[in-house]
Amino acid sequence: MLRPRIIPCLLVHQGGLVKTQGFKSPKYVGDPINAVKIFNEKESDELIVLDIDASVNNAEPNFDLIAKLAEECRMPLCYGGGVKTAAQAARIIDMGVEKVSISSAAIANPALLGEIASAIGRQSVVAVIDVRKRTGLFAKGYEVCTHNARESRKVDPVELAVQLQDAGAGEIVINSVDRDGEMKGYDIELAKQVRQAVSVPATFLGGAGSLEDIEKLVSAIGVVGAAAGSLFVFKGKYRAVLINYPTPSQKEQLCRTALSLNTL
């Protein structure tokens, strides 16, 4: 039986592991390699590592860091940050990474996803869409952001998700800017819209503050990827830094309960 994937998402900034809030104010929370070791011990389903400096600085992927991550990681690893060519993606896969995520470069040029899929296989191509609610007196709906939410595009994220899927993405990740670091739950309504629109695997990131939030997401839309940052690096209301992850029994119970409640 297909099962939801519970996925820690780690952000790398200036070589260190950080956590942001609303894509701003990165707080140092430790060493990326040490975090990977801990998630190995806790038997994480997958791991997403995003270099949040690369696209903003127009830099290529940090291949030295990728090599260290891939050598240490004992779970499926998705890496994103600075990937602009099929050759870069192929090099990352050759290092032992299972998936490569592309965000701003794919939005600027969706055909890039097809080129990368031809080089490494569609199942290894992940398109990340950063989404925030439109602001203003008469604003409605969502807009798509790039470059750490510093730039915005008046594009419907659901339509874009379908476009990127058709261009060659084997998985879509929706990252909610407004909910980043808030720990108040996922944007369930947006998740429903995206999940119903795409046929490839979908993962949702931004807002999880408890295992109950993950349960609500899975209950609402079924078998998806439930990714989180703050939930797995902070503990308690004062957000003390503590790498954590549900035990196998907790994960089993969460998935069983959530899927039994799912009506899709």
Side-chain angles (χ1 to χ4, degrees), residues 1-12 16-19 29-51 65-81 92-93 95-101 123-124 126 128 170-175 181 183 185-186 191 200-219 221-236 239-262:
M1 181 180 71
L2 291 175
R3 303 175 61 83
R5 295 166 292 132
I6 300 176
I7 311 168
C9 179
L10 306 180
L11 305 180
V12 176
L17 180 64
V18 301
K19 187 65 197 79
V29 295
D31 175 71
I33 304 302
N34 185 58
V36 170
K37 291 179 180 178
I38 296 173
F39 284 120
N40 280 339
E41 295 171 358
K42 294 184 178 296
E43 300 181 0
S44 174
D45 291 337
E46 296 183 22
L47 189 65
I48 297 174
V49 177
L50 303 176
D51 181 340
L65 174 62
I66 295 168
K68 293 175 183 176
L69 291 168
E71 181 179 7
E72 188 64 47
C73 195
R74 297 200 301 268
M75 72 209 83
L77 172 64
C78 174
Y79 182 88
I92 292 170
I93 294 296
M95 290 178 170
V97 175
E98 280 74 21
K99 300 178 185 178
V100 176
S101 82
Q123 75 284 349
S124 295
V126 179
V128 177
E171 180 176 347
I172 301 292
V173 174
I174 301 294
N175 190 5
M183 303 183 76
Y186 294 97
V200 297
T203 293
F204 299 93
L205 172 64
S210 66
L211 296 183
E212 287 74 20
D213 288 331
I214 294 177
E215 183 179 302
K216 289 177 182 177
L217 176 70
V218 177
S219 298
I221 59 178
V223 177
V224 293
S230 298
L231 175 61
F232 298 131
V233 298
F234 293 139
K235 203 71 175 178
R239 300 195 181 199
V241 176
L242 178 65
I243 303 295
N244 67 98
Y245 189 79
T247 65
S249 60
Q250 286 177 312
K251 189 163 58 176
E252 174 69 25
Q253 182 59 44
L254 183 156
C255 294
R256 188 184 302 277
T257 302
L259 291 176
S260 69
L261 295 172
N262 177 250

In Å, rounded to the nearest 0.5 Å, how long is the span from [atom1] of [X] to [atom2] of [Y]?
X      : Y      : atom1 : atom2 : result
Glu46  : Cys78  : CD    : SG    : 8.0 Å
Met95  : Leu65  : CE    : CG    : 10.0 Å
Arg74  : Lys37  : CZ    : NZ    : 10.5 Å
Ile6   : Glu215 : CD1   : CD    : 10.0 Å
Glu71  : Ile66  : CD    : CD1   : 14.0 Å
Thr247 : Lys42  : OG1   : NZ    : 9.0 Å

Looking only at atom types and distance, does a side-chain atom of [X] sit under 3.5 Å from a main-chain N or O of [Y], one as donor and one as acceptor?
X      : Y      : value
Ser101 : Val126 : no
Ser260 : Thr257 : yes
Asp51  : Gly81  : no

Given side chains that start at C-beta, do those of [X] and [Y] come closer than 4.5 Å, heavy atoms only?
X      : Y      : value
Leu259 : Val223 : yes
Glu98  : Ser124 : no
Ile33  : Leu69  : yes
Val12  : Val18  : no

Inset, instruction - Show your working on side chain to side chain contact (heavy atoms under 4.5 Å, CB included) between Leu217 and Val224 and close with a plain yes or no. - result: CA-CA 9 Å; Leu217 176 70; Val224 293; 4.1 Å; yes

Legend entry - Neighbour count above 12 (heavy atom, 6.0 Å) for Gln250 CD: yes

Legend entry - Aromatic ring pairing Tyr245/Phe39, orientation class (parallel under 30°, perpendicular over 60°, tilted between): perpendicular

Inset, instruction - Run the salt-bridge test on Arg3 and Glu252 with the 4.0 Å N-O cut-off and return the result as yes or no. - result: yes

Inset, instruction - Please test Phe232 against Leu10 for side chain to side chain contact (heavy atoms under 4.5 Å, CB included), starting from the C-alpha separation and ending with a verdict. - result: CA-CA 9 Å; Phe232 298 131; Leu10 306 180; over 6 Å; no

Shortest non-hydrogen contact from [X] to [Y]?
X      : Y      : result
Gly96  : Ala70  : C-CB, 4.2 Å
Gly170 : Val200 : O-CB, 3.5 Å
Tyr186 : Ala228 : OH-CB, 4.3 Å
Arg239 : Phe234 : O-CD2, 3.5 Å
Ile214 : Leu231 : CD1-CD2, 3.9 Å

Inset, instruction - Show your working on side chain to side chain contact (heavy atoms under 4.5 Å, CB included) between Cys255 and Val218 and close with a plain yes or no. - result: CA-CA 8 Å; Cys255 294; Val218 177; over 6 Å; no

Which atom pairs, one a donor and one an acceptor, fall under 3.5 Å between side chains of residues 201-213 and the rest of the protein, sequence neighbours left out?
| unit_1 | atom_1 | unit_2 | atom_2 | d |
| --- | --- | --- | --- | --- |
| Thr203 | OG1 | Arg5 | NH2 | 3.1 |
| Thr203 | OG1 | Glu171 | OE2 | 2.7 |
| Ser210 | OG | Glu212 | N | 3.3 |
| Ser210 | OG | Glu212 | OE1 | 3.2 |
| Ser210 | OG | Asp213 | N | 3.3 |
| Asp213 | OD2 | Gly209 | N | 2.8 |
| Asp213 | OD2 | Ser210 | N | 3.3 |

Inset, instruction - Start with the C-alpha gap between Asn40 and Ile38, add the side-chain angles, then the distance that decides, and say whether side chain to side chain contact (heavy atoms under 4.5 Å, CB included) holds. - result: CA-CA 5 Å; Asn40 280 339; Ile38 296 173; over 6 Å; no

Inset, instruction - List the steps and the verdict of salt bridge (Lys or Arg N to Asp or Glu O under 4.0 Å) for Lys251 and Asp45. - result: CA-CA 10 Å; Lys251 189 163 58 176; Asp45 291 337; 2.8 Å; yes

